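Report on one structure; see the data block that follows.
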Amino acid sequence: MTATAHPTANDTRSLTTASDSARAARRRSRGDDSDRSAGRSPAKTIIVTVVLALVAVYFLVPAYWVIVAATKTTEDLFATNGFWFAPTFALWENLGRVLSYDGGVFLRWFANSVLYAGVGALLATYFAAAGGYALAKYDFRGRDTIFGLVLGGVLVPGTATALPLFLLFSQLGLANTYWSVLLPSLVSPFGLFLCRIYANATVDTSLIEAGRIDGASELRIFHTLGLRIMTPALVTVFLFQLVGIWNNYFLPLVMLSDSDLFPITLGLNNWRSQVDRLPEFYELTTGGVLLSIIPLAIAMVVLQRFWRGGLTEGSVKA
Amino acid sequence: MTATENITTAGAPASVRRRRGRAGSGGAAPWILISPFLALFLLTFILPIIVAIGSSFTRVTRSGLFGEAGVVTGFAWFQNYAQALADGNFVASIWRMFLFGIVQVPVMIVLCTILALLLESASARWPGFFRAAYFLPYGIPGVIATILWSFLYVPGLSPIIDMASAVGLPLDFLGPSTVLWSIANIVTWTYTGYNMMIIIAQLKSIPTELYEAARVDGASSWRVARSIQLPLIRPALVLTTVFSIIGTLQLFAEPQVLQDVAPAIDSQYTPNLSAYTTAFAYNDYNVAAAQSVLIALVAFLLSFVFLRLTNRRSS
């Protein structure tokens, strides 16, 4: 435990910027950008913008390629320049085939991903909020032990638990069911950690006491008062958990063998692995990739302002 | 744990701090609130860890020619660990990840720091657009990102290879000496924008007064970046580096997907791929458990060493 306790104490320092970033947000809304731009010179602006644009090309090239590739027939995919459209525009045929292949299995994978990520993130956020609130606002035996365990959990990588979890779930008869992917997705140690910090800093004990005097039960106070005050932190926890589950590959790969239960990541990789034998899978894969990244691309851009970086979990390349 | 306490309340004025103390023991309420999380945490974190450690110390022996005479499970001491560490390919995969991390993590951290500073500098036009463009790959699952990039790596399909060979430059993204860096490219592509967002958030929390004071002193933007911004975003840099180190040792999806197009990637290319192969191809769950425990230990050790080093330098 010493090995885990030490680094987390340091993480705390950087993670606990909730109040800092709130202050910064207030400052930004007053419009202090104007006074920072005073020293702007045209030459510098051009150089910086050109550099940023070149980097943007790097980040957008694969997305651009898949848009172009999805409009081509399999022959054109190999015969024409990959960065430009072919004379035959086959986008709708390709997408039609993606959606109808194997009785619409693509839509099923997509729905599975929405189920795993949507339900998983929603419940995980609620459980983390309740736990974090309890740890922050009540004094009870075992509180510090629980918190210490959860802090250790933040640093345990998901892939380290996936294999033993599979062994455990096989014995319980849960492997290769929706539950095998959903249950581990319901736990967010980082979410609880964040909710505890946030509840500590924002939920006022005198409000809780006022609620008690009004005769409200402890659970009612949490649901009406605590959840409402903690909303900004809950949005962050929800988004992280949502993307984390949506992007997860190792856990479903280990758990699931029935392709009807696959999330979209596993399904598309299943298609891709067949391109060597059947070249038509190139079109299915590129079309499927395009369809699967559209909703996420929109979500990332629209929800950008909710990503409060100071409260972030960090890269988990699973 | 006391550290957390001090820091969270440090920003609040003393009067507020007193009012925001704990609300008593609350009877059964805290236990009702925390029990769903706790039950799931025990089931999906604590229990698997115990199972992993337990099975890494046991050995299943089948008696009879085909195991028909029964299966005996016995305590194996460090036999599984010895077997894992005696496996040259597994140890080589850990060293490969060291090499990968020593190059990829600094490149990514430097890149995302520069991007964050440029985007937050007054000179940047359309920062919102660029921020969104850089952050976009984080929303694309690693597997899908790898499928995308694998199409850009495969000869015959990749326009990049076509263009390079048109100007007489033969590119091979999937050769034995290059494929590791092709994986590094995918990882950098996916996580740079995300790490950049963490750093931007910390940059935004720097008080404006500091910038104003620097301007009064006539400091250049280079000077501001070096003397004010970089020291103040240190916690974010440490955090992103630690998570990148842990992430590097977990590398799995990218090499697993690229395996089909790159013969240079064997089934034990990364530690996690190795554990996966041991468990599901060789059905040796005990050695696989030992490998998982070793991977987690190395990740802890590296983060610990890194935090020690950065702490010593700051004090």
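None of the values given here were measured: they were computed from a predicted structure. Below, read A as the first sequence line, B as the second, and so on, with proteins coming before strands; counting in each chain starts at 1.
- When heavy atoms are compared at a cutoff of 4.5 Å, Trp65(A) approaches chain B solely by way of its side chain, counted from C-beta outward.
- Taking 4.5 Å as the limit, some side-chain heavy atom of Thr285(A) sits within range of a side-chain heavy atom of Phe151(B).
- With a 4.5 Å cut-off on non-hydrogen atoms, Ile46(B) touches chain A through its side chain but not through its backbone.
- Only the side chain of Phe280(B) comes within less than 4.5 Å of a heavy atom of chain A; its backbone N, CA, C and O stay farther away.
- Only the side chain of Val143(B) comes within contact range of chain A, with heavy atoms under 4.5 Å apart.
- In terms of heavy-atom pairs under 4.5 Å with chain A, the best-connected choice from Thr190(B), Leu136(B), Asp162(B) is Leu136(B).
- Of the atoms belonging to Phe41(B), heavy atoms from both backbone and side chain fall under 4.5 Å from chain A.
- The candidate from Val293(B), Ile49(B), Leu47(B), Ile147(B) with the greatest count of non-hydrogen atom pairs under 4.5 Å with chain A is Ile147(B).
- Only the side chain of Tyr285(B) comes within less than 4.5 Å of a heavy atom of chain A; its backbone N, CA, C and O stay farther away.
- Looking at Ile140(B), both its backbone and its side chain come within 4.5 Å of chain A, counting heavy atoms on both sides.
- Side-chain N or O atoms of Trp149(B) include none that pairs as donor or acceptor with a backbone N or O of Pro62(A) at under 3.5 Å.
- For Tyr126(A), no part lies near chain B; criterion is any non-hydrogen pair under 4.5 Å.
- For a residue to count as touching a neighbouring chain, one of its non-hydrogen atoms must lie under 4.5 Å from one of that chain's; by this rule Ala279(B) touches chain A with the side chain only.
- Using a distance-only test at 3.5 Å, with no hydrogens or angles considered, a donor-acceptor pair links the side chain of Asn247(A) to the main chain of Tyr138(B).
- Of the atoms belonging to Ala275(B), heavy atoms from both backbone and side chain fall under 4.5 Å from chain A.
- Only the side chain of Met163(B) comes within contact range of chain A, with at least one heavy atom under 4.5 Å from a heavy atom of that chain.
- How far CZ of Phe252(B) is from CG of Leu253(A): 5.0 Å, rounded to the nearest 0.5 Å.
- Between Phe59(A) and Pro137(B), the shortest heavy-atom distance links the atoms CD2-CG, 3.7 Å.
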Worksheet item: Yes or no on side-chain contact (heavy atoms from CB on, under 4.5 Å) for Phe130(B) and Val55(A), after CA distance, side-chain angles and deciding distance?
Response: CA-CA 9 Å; Phe130(B) 288 126; Val55(A) 178; over 6 Å; no
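- Between the Tyr249(A) side chain and the Ile144(B) main chain, no donor and acceptor come within less than 3.5 Å of each other.
- Contacts between Leu38(B) and chain A at a heavy-atom distance below 4.5 Å involve the side chain alone, from C-beta outward.
- Heavy atoms of Leu40(B) lying under 4.5 Å from chain A belong to its backbone as well as its side chain.
- Proximity to chain A (any heavy atom under 4.5 Å) is restricted, for Gln256(B), to the side chain, taken from C-beta onward.
- Between Asp260(B) atom CG and Gln274(A) atom CD the span is 11.0 Å, to the nearest 0.5 Å.
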